[in-house]
Amino acid sequence: MTKVSMTVNGRAVSGDVEGRTLLSTFLREGLALTGTHVGCDTSQCGACVVHVNGAPVKSCTVFALDLEGATIRTIEGMANADGSLSPLQQAFQDHHGLQCGFCTPGMVMSSAALLAENPRPTPQEVRAYLDGNICRCTGYHNIVKAVLAASGQDVSAVAAE
Amino acid sequence: MPKDFGIGASSKRREDVRFLTGQGHYTDDLQLHGQAHAVFVRSNVAHGRIRSVNTARAATMPGVLAVFTGEDFKDVGGNPAGWLIKSRNGEAMREPKRPVLAHGKVRHVGDAYAAVVAETYQQAKDAAQQIADDSVIEELPAIIDMAAAVADASNRVHDEIPDNLCYDWGWIEDNRARVDEVIKSAPHVTTLELVNNRLVPNAMEPRASIGEYFPGTGDYRLTTTSQNPHLTRLLVAAFVLGIPENKLTVVAPDVGGGFGSKIYHYGEEALVLTAARKLKRPVRWTAERSESFLTDAHGRDHVTRIELACDKQGNFLAFRTETMANVGAYLSNFATVTPTFLHGTLMAGPYKVPNVYVNVKTVFTNTAPVDAYRGAGRPEATFSLERVIDKMCRELNLDPFEVRRRNFITPDMFPYTTPVGLAYDTGNYEATLDKVMEIADVAGFEARRKASAARGKLRGLGLSTWIEACGIAPSHLVGVLGSRVGLYDAATVRVNATGNISVMTGAHSHGQGHETVFAQIVAEKLGIPESSVEIVHGDTSKIPFGMGSYGSRSLAVCGVAMSKAVDKIIAKGKKIAAHMLEASEADITFEAGKFSVAGTDKAKTFGEIAFSAYVPHNYPLETLEPGLEETAFYDPANFTYPAGAYLCEVEVDAETGKVDVVAFHCADDFGNIMNPMVVEGQVHGGVGQGIGQALCENTFYDENGQLLTGSYMDYAMPRAADLPFYNVDYSCQTPCTHNPLGVKGCGEAGAIGSPPAVVNAVIDALHRGGITHVTHIDMPVSPNRVWSAIHG
Amino acid sequence: MHNFDFVKPSSLAEAVKAMQAEGAQALSGGQTLISTMKQRLAAPAVLVSLTGIAEMKGVSVAGRVMTIGAATPHAVVAKEAAKAYPALAALAGGIGDPAVRSRGTIGGSLANNDPAACYPAGVLASAATIVTSRREIAADDFFQGLFTTALEEGEIITAVRFPIPDRAAYAKFLQPASRFSLTSAFVARTGSAVRVAITGASENGVFRWTEGERALSANFSPQAVKGLKANADDMIGDLHGSKAYRAALVGVMTARAVAMAMA
């Protein structure tokens, strides 16, 4: 076991981990931050996406020890300071961008990363950016719509609600 | 003006808040004090005789607490089939035992024959590997191809079943001679051989189960990823482990999608309970995605030959199909009904075809069990019909819109009994066809096609008009047909003393939004805020009973049970109000949350009545019990029959074979709509899965029974960039005539109607592009297959 | 996953030393290696992370040469190479998905030499030089078949040096499940010399399509390779594409890359 320290959702945390401990395991089991989900073992589904130093990363495909000193943000750190939904989260609810909720943390984290890079993406850019996030429930329509809405764009023309 | 409250409002989903903030509680999120970890030892061969399972070395490895093999479960029950199907000759289907852990033989790659429980997951994993290394499994020839399985009696999945045939089912056998005769003498017969591709459901949350045992009371608790906790309790308790039903609680907390795959009981659930009892510690297991691929019940996998007989104008005279349905290595709980009564009974479609005969041979193979997956049987029926109709239209140079219109059952014909035994209560198929043509701007297609051509793409238009039977199901009918369970549902509506409400429903929400939509219905009926209504689901210790969520039944069966329980609350409320208002019960009306004496201004609010029921100081105690809680069981009188018309536009890149769905239009008739936003979401998801089946999803076992598409590296899940925006209309509404909400169900529609629309569009694009030798391409219509069809 | 000792050197010299340990394996972004380890198909005793070595990161341009540090993630290349070598930046920006691009690196991709990876095509078509802890290796000598390279035990890629072509483009055709390349073409033209590298198609990994190069050297236009196919015998045939299909895609994707390069 080796001690690893990082900042998670603004809080300094540390824990003892093995070499093979993945960031996702450290978050879920070490820190009880179970909002980050693991949906596959080939780094494809994206349910585990978190931000590492601001960039989207699949937390199931990075070792905790490789992130000594890093700044991590997870779905638990995405709401407004008062606990209310952030504009992106609110857009997901307003536009029914989730159903079973399992892929949702990864979708929100990837979408937030997109909007940080590209504040007014086109629908095609949203779809391309979410290539590493698989959703089985929504057919993606309302996810794309939610992200566009969160970017301040008018989505009334995107098939009626 | 759209409603902002109650039935018909697009109320935002309350469950979203926890999911969006990482506060959901899925099974794997639960951490229990003293928990141990189970890992399964799974066969890496498709078919093998177990010569020895040597656990001695594994048992002494660090952290190992217990080891289990098939031997430990050979004296307990098997996981049963829920539906008895009889062959054409009257014989009962063959029903091999499905043990908790394989014993004697392993029958598919992934079949578990041992399990290890250890202090940590990694320790269990290491020990499981050791058992695999130390065991001897003699590999036998794999039985993969269905035709070969039936032809070769010497090679058997189950030694006691000589021809690997579960049953040979005819529907309806009395139709057979007449259908044969009509086809023989018909002016035109179109024949199509097709494959309905095997799919892996791929709920994003892998299956997970946690067993607990409480030695002080002898109680068990199973927390599991289930669409159907009561059925799981029944199967585990009464059939597999022999635990008294009242000593087992099954909890299905937040569940990350199901699509059918989490209806069923799986051996892992029995194992974690058994291990928990033995160790007196919680025992947990979560599937790796590769285990999900290998062991979740798959869907579809039919090979079908369909014949359509018609006159030269395209009036349908008869349909005849011969299907081989792959059931895999064991019978999953609803595996036998899916290719029969959920498929054959739909083979008339929405058409007034007079003669239909369906033959289904269901075959054991050395592959994962196959069972109901979103749509379950009905997508297979719809695909066969809508593809063969399209092919016939091309052969006779008829307009596919006109042909369907000409053959539709018309609104004046309801109730309408089909030649395959269903009684459609209501519908207006032509209305949905007109609607989809309008919203899809069919008139403008030619201009769009030219624009595509200018960009080097072939554009095509594909139609599918579909019907399903859902709201599963009337128990008297399914009982006659072989079901071993009733398919009613139940709900308890508990009005608390302070007037807010807890509803315990037998439905299970794993994405459908019941917590919101069911609350809308209760709130509307009682005239109280939605926020005063809590929906409780997924816990057998809290809910009277329920058969869970699948078959688009949640609203049409469970929702109706709840609605009826609310009616009982109102009826009792009237009695209380009559007493309090000193009026006759017959004079009490209830509206907008108020009990009033008709024709007066005397009234009591719903809250006042509730309070009085619990503080019965002024209350008719001589004739009425205090308290305000009612339970209703509801058994539907018939199936419900949603129907609709779908239009797909594709662009085909002839150089690469790549197909892009550029537009998808749906006009559905779901009867009355409770929450339009949720309905649209259900259609989107279903269509997304249907396009996935049509374009990219393929489950491929090689001749040795190895699953070559066992991960997301090779099983192509549709991604955001692969799918379009969908244009969804549900304004054509013919409310269901036999349930009080007038609802039909919408969960499966998209997956049923969409695949043939996509394939028809691809064939249309090729034909319009002059590539007329291609009459059919099997799904998935992948770039390689399209290119090969064009250039082959 | 089997356990291992994790070391994270902060200089190349330390990394070279760490790689001398028995069973040592370099870990770059880990976007392939970690999945492989989860399946227990790789079980290194020591994992040497290269992500903390500043001297192995970054994109620099000097004249017509661009150098990418081996530990530079794809996302950084997509951004920082965009001006100097847009075709390579576009390639990097199309690998995997954004989260993969945050971690995955050019050095990791080249050392693995997956037959369906994107970078090998860009490196081979550009006639880049692979700089290692021991030597410099020309791209033509580096790729030696499926998952096989000229790298020796313990040798670490430190940088890749790209001569910037006059015109270049990468046309990627996705394998629908993995989003790796099914058959993709990188075309680079410098003066009148044209190099075409194909990835995803061959049983032998990335390769130069000499027939296409000849045709394009004579006439740098999509028409020049129209209808040309690679030799199907050498192609991968699998669920996602037959040998004949991939052979045809070689021509199609090369033509598309040329059209993109000319645009």
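Quantities reported herein were computed from a predicted structural model and do not represent experimental measurements. The sequence lines fix the lettering, A, B, ..., with proteins before strands; numbering per chain opens at 1.
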Quick one: does any side-chain atom of [X] pair with a main-chain N or O of [Y] as donor and acceptor, under 3.5 Å?
| X | Y | result |
| --- | --- | --- |
| A:Tyr140 | B:Asp722 | no |
| B:Arg289 | A:Gly39 | yes |
| B:Arg13 | A:Asp94 | no |
| A:Arg28 | B:Asp28 | yes |

* **Step-by-step side-chain contact (heavy atoms from CB on, under 4.5 Å) determination, B:Met677 to A:Asn142** => CA-CA 10 Å; B:Met677 177 191 82; A:Asn142 283 338; 5.6 Å; no
Hey, could you give me the [atom1]/[atom2] distance between [X] and [Y], rounded to the nearest 0.5 Å?
| X | Y | atom1 | atom2 | answer |
| --- | --- | --- | --- | --- |
| B:Thr225 | A:Phe102 | OG1 | CZ | 10.0 Å |
| A:His37 | B:Phe19 | NE2 | CZ | 8.5 Å |
| B:Glu291 | A:Asp41 | CD | CG | 9.0 Å |
| B:His684 | A:Lys145 | NE2 | NZ | 7.0 Å |
| A:Thr138 | B:Glu680 | OG1 | CD | 13.0 Å |

* Residues in salt bridge (charged side-chain N to carboxylate O under 4.0 Å, His left out) with B:Arg14, at least two apart? ->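 Listed in chain order: nothing, the list is empty.
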* To do: Going by the side chain to side chain contact (heavy atoms under 4.5 Å, CB included) test, name the single residue among A:Leu85, A:Val108, A:Ile75, A:Thr104 that passes it with B:Thr21.
  =>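 Testing each of A:Leu85, A:Val108, A:Ile75, A:Thr104 against B:Thr21, the sole residue satisfying side chain to side chain contact (heavy atoms under 4.5 Å, CB included) is A:Leu85.
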Quick check on [X] against chain A: is it the side chain, the backbone, both or neither that has a heavy atom closer than 4.5 Å?
| X | value |
| --- | --- |
| B:Ser290 | both |
| B:Glu288 | both |
| B:Asp254 | neither |
| B:Tyr712 | both |
| B:Glu205 | both |

Over all heavy atoms of both residues, which pair between [X] and [Y] is shortest? Give the atoms and the distance, please.
| X | Y | value |
| --- | --- | --- |
| A:Gln89 | B:Leu20 | NE2-O, 2.7 Å |
| B:Val678 | A:His96 | CA-NE2, 3.8 Å |
| A:Cys137 | B:Phe259 | SG-CZ, 3.7 Å |
| A:Cys100 | B:His510 | CB-O, 3.2 Å |
| A:Gly139 | B:Leu723 | O-CD1, 3.8 Å |
| A:Gln99 | B:Gln682 | OE1-NE2, 3.4 Å |

* **Proximal component of A:Glu29, with respect to chain B [non-hydrogen, under 4.5 Å]** =>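 Looking at A:Glu29, just its side chain touches chain B.
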* Which atoms of A:Val38 approach chain B - backbone, side chain, both or neither, heavy atom under 4.5 Å ->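 For A:Val38, backbone heavy atoms alone lie under 4.5 Å from chain B.
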* To do: For B:Thr709, enumerate each residue passing the side chain to side chain contact (heavy atoms under 4.5 Å, CB included) test, keeping only those at least two apart in sequence or located in another chain.
  =>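 Listed in chain order: B:Thr699, B:Phe700, B:Leu707, B:Asp714, B:Tyr715, C:Leu239.
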Top contributor to chain B contacts, counting heavy-atom pairs under 4.5 Å, from [options]:
| options | result |
| --- | --- |
| A:Leu98, A:Ile143, A:Asp131, A:Asn133 | A:Leu98 |
| A:Thr42, A:Leu88, A:Ile134 | A:Ile134 |
| A:Ser43, A:Gly132, A:Ala79, A:Gly101 | A:Gly101 |

* **A:Cys45 and B:Met204: CA distance, side-chain angles, deciding distance, side-chain contact (heavy atoms from CB on, under 4.5 Å) verdict** => CA-CA 8 Å; A:Cys45 83; B:Met204 292 318 298; 3.6 Å; yes
* **Close side-chain approach of B:Val17 to A:Gln93, heavy-atom, < 4.5 Å** =>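 Side-chain contact under 4.5 Å: yes.
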* Face-on cation placement of A:Arg127 at B:Phe725 ring, 6.0 Å and 45° thresholds ->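 Satisfied, under 6.0 Å and within 45°.
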